[in-house]
Amino acid sequence: MSLTLYAAPMSSATPVLCALIELDVPHDTVMLDLAAGDQKRPEYLALNPNGVVPTLVVDGTPLFEAIAIMQWLGDRYGVDRGLWPAADSPDRLTALSWTTWVYVTYGGALQRLNSAQSDRVDPSLHHAPLAKHTLGELDAMLARLDTRLSDRPYLLGEHYSLADLIVACVVAYSTYCGVSIDAHPQVQAWLQRFYARDAYRKAWS
Ligand SMILES: N[C@@H](CCC(=O)N[C@@H](CS)C(=O)NCC(=O)O)C(=O)O
C-alpha cells in the first residue's frame, strides 16, 4: 500500500506523523511551505479542497481531516500492532468516542478560545468574556478526562494506544493556547507518559 503524507512542521499534520511513526508504517512525506502558500496551489487543492494540511494519499486516493486519517490508520495498521482495538470490541467504541470527542467537542471549544484571544487572530475579533467562559468549558472537559484516567494509566486501560496519542496531542496543543491542566493531576501524569514516547520526540523534533 502506498502512503504519502502532505504535512508542514509543527502543524495539524504532526499528530498524524506521530501516529505513522508509532505504528512504524512506511510512508513518504511531502513538506509544504504554508507561508509560501503551497497548500493553496491547484495541484494540492485537487487533493484537499480545504487547502490545509494534513492530507494522506492512500494508493492515489486522498484522505483529509487529521482525525479521520488517524482513525483510519488505527483500523488499517493499529489492530495488528496492538495499538488500536479490534472492530467488534467494546474498546473500539471507547476509542472512537474519546478521539472524536477531543477533535469535535474539545477542539471546537479550543477554536472558540483561539478566536477570542489568540495573538494570531485579528484583535478586533477578540472577546475577553467569551475567552473566560470558554476556558471554563475546557476546564470542565479536562475534569471529565481526569476522571476517565483516575483508575487506569491510559484511556483504554493498562496499555498505551493510538487513542492516547490522538487525545494527548490535542490536549498538549491546548496548553500552548493558554489552557491550564494544573487542576487535573491524572491528565498531567498521563501527558508526561505520552511525552516520554520515542514517537512523540521524533515527530516534534
Ligand atoms: N480540521 C483540519 C484542520 C487543518 C488545519 O487547519 N491545518 C492548518 C495547519 S495547523 C493549515 O494547513 N493551515 C494553512 C492555511 O489555513 O492556509 C484537520 O484537522 O485536518
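Order of listing sets the numbers, starting from 1, for every ligand and every atom in it.
Ring geometry, Trp72 versus Tyr77: the interplanar angle exceeds 60°, so the pair is classed perpendicular (tilted spans 30 to 60°).
A side-chain N or O of Asp122 and one of Ser124 form a donor-acceptor pair less than 3.5 Å apart. In this model, no donor atom of one side chain and acceptor atom of the other lie less than 3.5 Å apart for Ser12 and Tyr173.
The shortest distance between side-chain heavy atoms of Asp38 and Tyr6 does not fall below 4.5 Å.
Note that OG1 of Thr99 and CG of Leu162 are 9.5 Å apart. Values are rounded to the nearest 0.5 Å.
For ligand 1, residues of the protein lying within 4.0 angstrom by heavy-atom distance are Ser11, Ser12, Gln39, Lys40, Gly51, Val52, Val53, Pro54, Glu65, Ala66.
In this structure, Trp101 has its ring center closer than 6.0 angstrom to the ring center of Tyr106.
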